Amino acid sequence: MARSLIGSILVRRLPDGELLTGRIVETEAYEAGDPSSHAFRGPTARNRSMFARHLHAYVYFIYGTAFCLNISSEGDGVGAAVLIRALEPLQGLDAMRARRGAAIADRDLARGPGRLCSAFAIDRSLDGSDLETDEELWLAAGESPANIGESVRIGLTKAVERLHRFYVRGSRFVSGPRSLSP
DNA sequence: CAGAGGATCGGCT
DNA sequence: GCCGATCCTCTGG
(Lines give C-alpha, C1' and ligand atoms only; values in the text may rest on other atoms or scores of the structure.)
Protein backbone atom coordinates (compact mmCIF):
# COMPACT_ATOMS: atom_id res chain seq x y z
CA MET A 1 0.00 0.00 0.00
CA ALA A 2 2.89 2.40 0.72
CA ARG A 3 4.08 1.89 -2.85
CA SER A 4 0.63 2.12 -4.42
CA LEU A 5 -0.16 5.41 -2.63
CA ILE A 6 2.67 7.12 -4.51
CA GLY A 7 0.98 9.31 -7.12
CA SER A 8 -2.38 9.45 -5.32
CA ILE A 9 -3.85 12.85 -4.47
CA LEU A 10 -4.46 13.93 -0.87
CA VAL A 11 -7.41 16.31 -0.58
CA ARG A 12 -8.15 18.56 2.41
CA ARG A 13 -11.22 20.73 2.77
CA LEU A 14 -10.58 23.61 5.16
CA PRO A 15 -13.30 24.88 7.51
CA ASP A 16 -13.93 27.81 5.12
CA GLY A 17 -14.54 25.37 2.27
CA GLU A 18 -11.29 25.89 0.41
CA LEU A 19 -9.72 22.78 -1.09
CA LEU A 20 -6.03 21.96 -0.72
CA THR A 21 -4.58 19.17 -2.84
CA GLY A 22 -1.19 17.54 -3.19
CA ARG A 23 0.35 14.57 -4.94
CA ILE A 24 1.89 11.97 -2.65
CA VAL A 25 5.57 11.68 -3.60
CA GLU A 26 7.06 9.91 -0.54
CA THR A 27 5.75 7.28 1.91
CA GLU A 28 6.99 4.81 4.51
CA ALA A 29 5.47 1.47 5.55
CA TYR A 30 5.10 0.44 9.21
CA GLU A 31 3.85 -3.12 9.03
CA ALA A 32 2.48 -5.42 11.71
CA GLY A 33 5.25 -6.75 13.96
CA ASP A 34 7.67 -3.98 13.01
CA PRO A 35 9.71 -3.01 16.11
CA SER A 36 9.93 0.59 14.87
CA SER A 37 6.14 0.92 14.59
CA HIS A 38 4.08 2.79 17.17
CA ALA A 39 1.76 -0.24 17.13
CA PHE A 40 4.49 -2.71 18.12
CA ARG A 41 3.46 -2.94 21.79
CA GLY A 42 -0.26 -3.11 21.08
CA PRO A 43 -3.06 -0.56 21.06
CA THR A 44 -2.94 2.54 23.31
CA ALA A 45 -4.92 5.76 23.51
CA ARG A 46 -2.53 7.39 21.06
CA ASN A 47 -2.13 4.71 18.40
CA ARG A 48 -5.57 3.10 18.31
CA SER A 49 -6.26 4.47 14.82
CA MET A 50 -3.45 2.28 13.51
CA PHE A 51 -5.64 -0.69 14.42
CA ALA A 52 -8.65 0.60 12.48
CA ARG A 53 -9.68 -0.93 9.16
CA HIS A 54 -7.65 0.35 6.22
CA LEU A 55 -7.92 3.98 5.05
CA HIS A 56 -8.35 5.60 8.45
CA ALA A 57 -6.12 8.52 9.47
CA TYR A 58 -3.62 8.06 12.30
CA VAL A 59 -2.27 11.50 13.31
CA TYR A 60 0.31 11.87 16.09
CA PHE A 61 2.33 14.69 17.64
CA ILE A 62 6.10 14.37 17.76
CA TYR A 63 9.06 16.22 19.33
CA GLY A 64 6.73 18.82 20.79
CA THR A 65 6.58 20.54 17.42
CA ALA A 66 5.05 18.56 14.56
CA PHE A 67 2.12 16.38 13.56
CA CYS A 68 2.51 13.39 11.25
CA LEU A 69 -0.18 11.79 9.05
CA ASN A 70 -0.48 8.04 8.52
CA ILE A 71 -3.10 5.97 6.74
CA SER A 72 -4.04 2.62 8.31
CA SER A 73 -3.37 -0.22 5.95
CA GLU A 74 -4.75 -3.53 7.25
CA GLY A 75 -7.95 -5.06 8.56
CA ASP A 76 -9.73 -4.13 11.77
CA GLY A 77 -7.56 -5.03 14.78
CA VAL A 78 -4.22 -5.16 12.95
CA GLY A 79 -1.81 -2.31 13.78
CA ALA A 80 -0.17 -1.11 10.57
CA ALA A 81 -0.04 2.13 8.62
CA VAL A 82 1.64 4.15 5.90
CA LEU A 83 3.35 7.42 6.89
CA ILE A 84 2.87 10.18 4.32
CA ARG A 85 6.28 11.90 4.17
CA ALA A 86 5.98 14.45 1.38
CA LEU A 87 3.53 16.01 -1.07
CA GLU A 88 3.88 17.96 -4.27
CA PRO A 89 1.50 20.89 -3.70
CA LEU A 90 -1.06 21.20 -6.50
CA GLN A 91 -3.94 23.39 -5.37
CA GLY A 92 -4.29 26.01 -2.61
CA LEU A 93 -0.63 27.05 -2.42
CA ASP A 94 -1.50 30.49 -1.08
CA ALA A 95 -3.48 28.99 1.79
CA MET A 96 -0.58 26.63 2.54
CA ARG A 97 1.83 29.56 2.55
CA ALA A 98 -0.46 31.44 4.91
CA ARG A 99 0.08 28.62 7.41
CA ARG A 100 3.73 27.78 6.70
CA GLY A 101 5.12 31.26 6.06
CA ALA A 102 4.85 33.81 3.28
CA ALA A 103 8.41 33.31 2.06
CA ILE A 104 8.34 29.49 1.88
CA ALA A 105 9.24 28.15 -1.56
CA ASP A 106 6.77 25.82 -3.30
CA ARG A 107 9.11 22.89 -2.93
CA ASP A 108 9.31 23.33 0.85
CA LEU A 109 5.59 23.74 1.58
CA ALA A 110 4.91 20.03 2.12
CA ARG A 111 8.36 18.40 1.94
CA GLY A 112 8.52 16.42 5.17
CA PRO A 113 5.84 14.76 7.33
CA GLY A 114 5.54 17.63 9.79
CA ARG A 115 5.55 20.31 7.11
CA LEU A 116 2.79 18.69 5.09
CA CYS A 117 0.56 18.50 8.15
CA SER A 118 1.21 22.17 8.86
CA ALA A 119 0.48 23.15 5.24
CA PHE A 120 -2.71 21.04 5.13
CA ALA A 121 -3.94 22.02 8.61
CA ILE A 122 -3.83 18.41 9.83
CA ASP A 123 -3.74 17.77 13.58
CA ARG A 124 -5.09 15.32 16.16
CA SER A 125 -8.65 16.48 15.49
CA LEU A 126 -8.48 14.46 12.24
CA ASP A 127 -7.14 11.34 13.99
CA GLY A 128 -9.42 8.38 13.31
CA SER A 129 -11.10 9.90 10.24
CA ASP A 130 -12.35 7.39 7.69
CA LEU A 131 -10.84 8.66 4.43
CA GLU A 132 -13.51 6.82 2.43
CA THR A 133 -16.35 8.90 3.90
CA ASP A 134 -14.81 11.95 5.60
CA GLU A 135 -15.63 15.44 4.28
CA GLU A 136 -12.44 17.11 5.53
CA LEU A 137 -9.73 14.70 4.39
CA TRP A 138 -9.72 12.06 1.64
CA LEU A 139 -7.80 10.52 -1.25
CA ALA A 140 -8.37 10.94 -4.98
CA ALA A 141 -6.95 8.82 -7.77
CA GLY A 142 -3.78 9.96 -9.48
CA GLU A 143 -1.33 8.57 -11.99
CA SER A 144 1.23 6.16 -10.61
CA PRO A 145 4.68 7.39 -11.64
CA ALA A 146 6.80 5.16 -13.87
CA ASN A 147 9.86 5.31 -11.65
CA ILE A 148 9.40 4.67 -7.93
CA GLY A 149 12.53 4.39 -5.81
CA GLU A 150 12.87 2.62 -2.46
CA SER A 151 15.24 3.03 0.46
CA VAL A 152 15.64 2.62 4.18
CA ARG A 153 13.31 4.75 6.34
CA ILE A 154 14.30 8.10 7.83
CA GLY A 155 14.95 8.97 11.48
CA LEU A 156 14.61 5.49 13.00
CA THR A 157 16.72 3.72 15.61
CA LYS A 158 15.08 0.27 15.26
CA ALA A 159 14.64 -1.97 12.19
CA VAL A 160 16.73 0.56 10.28
CA GLU A 161 17.65 -1.87 7.51
CA ARG A 162 14.20 -2.46 6.03
CA LEU A 163 13.60 -0.95 2.58
CA HIS A 164 10.16 0.41 3.42
CA ARG A 165 10.46 3.97 2.12
CA PHE A 166 9.08 4.77 -1.34
CA TYR A 167 9.48 7.94 -3.38
CA VAL A 168 9.06 9.44 -6.85
CA ARG A 169 12.51 9.22 -8.37
CA GLY A 170 13.62 12.61 -9.65
CA SER A 171 11.00 14.65 -7.76
CA ARG A 172 12.32 17.74 -6.01
CA PHE A 173 9.40 17.54 -3.55
CA VAL A 174 10.85 14.45 -1.81
CA SER A 175 12.39 14.93 1.68
CA GLY A 176 15.52 13.49 3.25
CA PRO A 177 19.19 13.49 2.25
CA ARG A 178 19.94 13.29 -1.48
CA SER A 179 21.93 10.13 -0.88
CA LEU A 180 18.70 8.30 -0.04
CA SER A 181 16.76 9.50 -3.09
CA PRO A 182 19.09 9.18 -6.08
C1' DC B 1 4.56 9.94 39.69
C1' DA B 2 8.96 10.83 37.58
C1' DG B 3 11.81 10.28 33.73
C1' DA B 4 13.26 9.34 29.15
C1' DG B 5 12.80 9.44 24.40
C1' DG B 6 10.82 10.37 19.87
C1' DA B 7 8.46 8.14 12.21
C1' DT B 8 10.89 16.54 13.05
C1' DC B 9 12.15 21.14 11.91
C1' DG B 10 14.67 25.35 11.51
C1' DG B 11 18.62 27.96 12.49
C1' DC B 12 23.39 28.25 12.63
C1' DT B 13 28.33 26.84 11.40
C1' DG C 1 26.18 18.76 9.14
C1' DC C 2 24.97 19.52 14.04
C1' DC C 3 22.18 21.06 17.76
C1' DG C 4 18.34 22.56 20.58
C1' DA C 5 13.35 23.31 21.09
C1' DT C 6 9.25 21.42 23.08
C1' DC C 7 5.59 18.34 24.87
C1' DC C 8 3.12 14.20 24.60
C1' DT C 9 3.20 9.38 25.54
C1' DC C 10 4.62 5.27 27.60
C1' DT C 11 7.21 2.72 31.02
C1' DG C 12 8.83 1.35 35.33
C1' DG C 13 8.99 1.79 40.27
Side-chain angles (χ1 to χ4, degrees), chain A residues 1-6 8 10 22 24-52 54-74 78-89 96-129 131 137 148-168 171-182:
Chain A
M1 179 167 154
R3 177 188 286 277
S4 70
L5 278 175
I6 298 290
S8 291
L10 184 72
I24 298 175
V25 296
E26 183 184 355
T27 61
E28 284 179 354
Y30 290 86
E31 81 272 53
D34 182 345
S36 65
S37 168
H38 290 179
F40 185 61
R41 295 171 194 273
T44 67
R46 175 177 67 153
N47 70 15
R48 70 192 140 80
S49 299
M50 282 189 84
F51 293 81
H54 74 344
L55 297 176
H56 284 66
Y58 165 48
V59 182
Y60 67 90
F61 187 56
I62 187 71
Y63 294 123
T65 57
F67 292 96
C68 293
L69 171 68
N70 299 253
I71 301 177
S72 66
S73 56
E74 301 288 341
V78 179
V82 174
L83 172 68
I84 308 302
R85 283 200 56 93
L87 301 172
E88 174 181 344
M96 296 180 202
R97 208 167 269 114
R99 306 184 53 78
R100 292 268 298 122
I104 305 290
D106 291 2
R107 108 173 256 257
D108 294 328
L109 283 174
R111 184 167 60 88
R115 290 167 171 179
L116 76 87
C117 283
S118 174
F120 276 62
I122 293 168
D123 61 23
R124 281 284 283 178
S125 71
L126 291 173
D127 180 62
S129 301
L131 301 193
L137 188 67
I148 298 177
E150 57 185 77
S151 80
V152 297
R153 294 170 291 183
I154 292 177
L156 302 188
T157 57
K158 287 171 273 191
V160 295
E161 75 289 351
R162 303 187 188 193
L163 298 178
H164 284 344
R165 172 173 173 264
F166 302 89
Y167 61 93
V168 177
S171 170
R172 66 199 184 92
F173 298 97
V174 170
S175 79
R178 286 300 290 261
S179 58
L180 280 185
S181 311

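The structure displayed is predicted, hence computed values, not measured ones. Every chain is numbered from 1 and lettered A, B, ... according to where its sequence line falls, protein lines coming before strand lines.
- With dG10(B), dA7(B), dT9(C) as the choices, the nucleotide that has an atom nearest any side-chain atom of R115(A) turns out to be dG10(B).
- Candidate nucleotides dT8(B), dC10(C), dT9(C) were compared by shortest atom distance to the side chain of T65(A), and dT8(B) ranks first.
- Aromatic ring orientation, H38(A) versus Y60(A): perpendicular (interplanar angle above 60°, classes split at 30° and 60°).
- OP1 or OP2 of dA7(B) has not a single side-chain nitrogen or oxygen of S37(A) nearer than 4.0 Å.
- Atom-to-atom, CZ of R107(A) to C1' of dG10(B) comes out at 15 Å; the value is rounded to the nearest Å.
- Atom NE2 of H38(A) and atom P of dC10(C) are 10 Å apart (whole Å).
- At the heavy-atom level, R46(A) lies under 4.0 Å from the strands shown only through sugar-phosphate atoms.
- Residue-level contact check: T157(A) touches the backbone only, with heavy atoms under 4.0 Å from sugar-phosphate atoms and none from bases.
- Taking CZ of R172(A) as the reference point, atom OG of S181(A) lies at 15.0 Å (rounded to 0.5 Å).
- With distances taken from any side-chain atom of F61(A) to the nucleotides dT8(B), dT9(C), dC7(C), the minimum falls on dC7(C).
- Comparing dT9(C), dC10(C), dT8(B) by their closest approach to the side chain of R124(A) singles out dT9(C).
- Residues I24(A) and L87(A) meet the side-chain proximity criterion, which asks for heavy atoms closer than 4.5 Å.
- Under the stacking definition used here (centres under 5.5 Å, planes under 30°), the residue Y63(A) fails to qualify as stacked on the base of dA5(C).
- OP1 or OP2 of dA7(B) has not a single side-chain nitrogen or oxygen of R165(A) nearer than 4.0 Å.
- Within the structure, a side-chain polar atom (N or O) of R100(A) is placed less than 4.0 Å from OP1 or OP2 of dG10(B).
- When the C1' atom of dC9(B) is taken as reference, atom CZ of F67(A) falls 14 Å away, rounded to whole Å.
- Atom CD1 in I122(A) sits 9.5 Å away from atom CZ in R99(A) (nearest 0.5 Å).
- To the nearest angstrom, C1' of dC10(C) lies 9 Å from CZ of R41(A).
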